[in-house]
Visitor: 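Have a look at this one before I ask anything.
Computed from a prediction, not measured in an experiment: that's the story for all the values here. Letters A, B, ... are given to chains in the order of the sequence lines, protein chains preceding strands, and every chain is numbered from 1.
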There are 2 protein chains.
Amino acid sequence: MEKKGSQTAPVAKSDREFVLAASARLFRNQGFDRTTVKEIAEACGMLPGSLHYRYPSKESLLVDLMRLALEQASRSVSIAIAGVSDPVEQLRRGVCAHLNLLVGGSDMVYVLLFEWRSLCGQSRQEMIDLRDRYEALWATMLKSLATQGVIRGDVDLNLLRLIGLGALNWVATWFHEGGRYSVEDIGNFVWHLIRVAVVSDSGQFK
Amino acid sequence: MEKKGSQTAPVAKSDREFVLAASARLFRNQGFDRTTVKEIAEACGMLPGSLHYRYPSKESLLVDLMRLALEQASRSVSIAIAGVSDPVEQLRRGVCAHLNLLVGGSDMVYVLLFEWRSLCGQSRQEMIDLRDRYEALWATMLKSLATQGVIRGDVDLNLLRLIGLGALNWVATWFHEGGRYSVEDIGNFVWHLIRVAVVSDSGQFK
DNA sequence: GTCTATACTCTGATAGAC
DNA sequence: GTCTATCAGAGTATAGAC
């Protein structure tokens with residue numbers, strides 16, 4: 001950790017991500033408060049003292065986790081919609097990307113969205129700001145669709161974003177891998193719902 | 001508490017509801033884990049020892065709170081849709097009733113929906129069952145609408161319920177009294193969204 | 001960087017007087 | 001039924017050896 005200048009530390013980065021991924025898994029399953037630093041350290045194959053070397057407090061770990069989660073989310077959505085010319089298809093991919101972030105691989109985005117209440121004061125505000133920045137991605141996307149005339153002019157874009165993301169976020173509370181619906185099923189359903197309701201030239205439900 | 005048979009105890013019931021309402025407010029604002037029994041007792045104008053007379057443990061209080069929340073929710077939705085002949089209007093009222101439960105007066109439904117992760121084992125399962133029973137109300141309502149031909153036959157009612165309630169539930173995470181949108185604004189928006197997308201003879205967005 | 005050991009705080013729950 | 005007083009346990013954070 002002392003040498004920062006000479007080496008771009010890929011090892012340290014992986015290390016950080018490993019610790020945060022293990023933490024995220026625990027936070028998601030048990031909640032931040034019911035997870036002890038001992039458990040976190042255990043999951044990382046170390047002891048509480050070692051963990052403290054990286055993060056001075058449990059809260060600071062959560063903050064760093066959420067920062068990484070936002071980076072992941074922003075990157076995933078950006079990649080998902082990049083290079084897609086059809087704006088409606090862009091929306092569909094964005095929806096699926098968000099769902100995958102929540103119920104797929106990483107638990108960090110889940111923690112970012114559901115565990116911000118565990119923070120107080122300054123940290124809390126910073127995390128709310130991070131959430132807002134992620135949502136701003138969506139605001140931009142929707143604005144663009146409206147400007148192009150894809151979304152009808154009588155639709156409140158702000159409410160659409162809030163309600164749409166809310167519908168997606170809640171999926172994380174009931175989704176089970178291998179359950180009745182796949183991520184694609186759900187993503188397409190929500191996309192159809194939105195498309196039929198707000199897209200100018202939408203046809204029938206399916 | 002000894003006499004149960006001779007008197008139907010309205011006083012005891014109010015007392016219970018007072019304690020649970022105060023607890024719900026705290027749980028909503030701080031989370032279950034970050035709320036101490038001392039704080040709860042304080043909010044009720046008593047001391048921890050007295051609270052223990054009513055509930056042997058903090059968890060048992062939460063369980064009782066959630067039971068009451070479910071009763072409230074079921075009652076509210078039932079009342080809201082009772083005597084409404086138009087099925088589409090029935091849906092609109094149901095949506096608004098659910099929203100009001102979440103962001104209006106009582107905090108208990110919020111706690112029921114967001115704090116079930118604080119429970120473990122048997123209690124947790126009981127609460128999940130309670131949640132399911134509330135959702136069953138909605139399943140019945142949607143089924144009825146579909147049977148009457150109001151909702152198109154190609155719509156998955158189960159997914160519609162999950163996604164719709166999810167969209168509504170998430171509102172509780174960002175809604176502010178006196179903010180940009182009123183409960184009615186949001187309720188109508190969601191209702192429009194659903195109506196246009198799934199109701200057979202829906203017209204335009206507004 | 002990781003370990004051992006521990007200090008200090010807070011909390012949920014209890015016992016028993018009134 | 002409510003109070004005072006307290007216990008036992010858990011948890012975060014720290015100190016310091018290696």
Visitor: Between the opening five pairs and the closing five pairs of the helix from dG1(C)-dC18(D) to dC18(C)-dG1(D), how far apart are the helix axes, to 10°?
Guide: 0°
Visitor: Any side-chain hydrogen bond (donor to acceptor under 3.5 Å, both in side chains) pairs touching residues 77-87 of chain B, not counting sequence neighbours?
Guide: none
Visitor: Considering just the side-chain nitrogens and oxygens of Y53(B), establish if one lies under 4.0 Å of OP1 or OP2 belonging to dG1(D).
Guide: yes
Visitor: Would you kindly give the CZ-to-C1' distance between F32(A) and dG11(D), to the nearest whole Å?
Guide: 12 Å
Visitor: Whole Å only: how far is the NZ atom of K38(B) from the P atom of dT14(C)?
Guide: 19 Å
Visitor: Check the interface with nucleotides 6-10 of chain C: list each N/O to N/O pair with the protein under 3.5 Å, or write none.
Guide:
none

Visitor: For Q125(A), enumerate each residue passing the side chain to side chain donor-acceptor pair (under 3.5 Å) test, keeping only those at least two apart in sequence or located in another chain.
Guide: D129(A)
Visitor: Which label fits W138(A) and Y134(A): parallel for a plane angle under 30°, tilted from 30 to 60°, or perpendicular past 60°?
Guide: perpendicular
Visitor: Please name all residues satisfying salt bridge (charged side-chain N to carboxylate O under 4.0 Å, His left out) with E42(B), sequence neighbours left out, ordered by chain then number.
Guide: none
Visitor: Under 4.0 Å between a side-chain N/O of S50(B) and OP1 or OP2 of dG1(D), yes or no?
Guide: no
Visitor: Identify each donor-acceptor pair in which a side-chain atom of residues 172-180 of chain A lies under 3.5 Å from a protein atom, sequence neighbours left out, and give them as a table.
Guide:
{"from": "T173(A)", "atom 1": "OG1", "to": "W170(A)", "atom 2": "O", "distance (Å)": "2.7"}
{"from": "T173(A)", "atom 1": "OG1", "to": "W170(A)", "atom 2": "NE1", "distance (Å)": "3.3"}

Visitor: Is the phosphate of dT2(C) approached by R54(A) (side-chain N or O, under 4.0 Å from OP1 or OP2)?
Guide: yes
Visitor: What integer distance in Å separates E39(B):CD from dG12(C):C1'?
Guide: 13 Å
Visitor: Looking only at the side chain of V37(B) (C-beta and beyond, no hydrogens), which of the listed nucleotides dC3(C), dC3(D), dA13(C) gets closest?
Guide: dA13(C)
Visitor: Does N100(A) have any side chain to side chain donor-acceptor pair (under 3.5 Å) partners at least two apart in sequence or in another chain, and if so, which?
Guide: none
Visitor: Show me the pairs that pass salt bridge (charged side-chain N to carboxylate O under 4.0 Å, His left out) and involve residues 104-114 of chain B, at least two apart or across chains.
Guide: R28(B)-D107(B)
Visitor: What residues form a side chain to side chain donor-acceptor pair (under 3.5 Å) with D64(B), not counting sequence neighbours?
Guide: R16(B), Y55(B)
Visitor: How close do P48(A) and K38(A) get, counting heavy atoms only, and between which atoms?
Guide: CG-CA, 4.0 Å
Visitor: Near DNA chain C, which residues from residues 56-68 of chain B have a heavy atom under 4.0 Å away?
Guide: P56(B), S57(B), K58(B)
Visitor: Can you sort out the partners of E126(A) under salt bridge (charged side-chain N to carboxylate O under 4.0 Å, His left out), two or more places apart, ordered by chain and number?
Guide: R67(A)
Visitor: Quick one: list whatever passes side chain to side chain donor-acceptor pair (under 3.5 Å) with S50(A), sequence neighbours left out.
Guide: none
Visitor: Atom CG of L51(B) to atom P of dT11(C): distance rounded to whole Å?
Guide: 15 Å
Visitor: H52(B) side chain: which of dT14(C), dT4(C), dC3(D) is closest?
Guide: dT14(C)
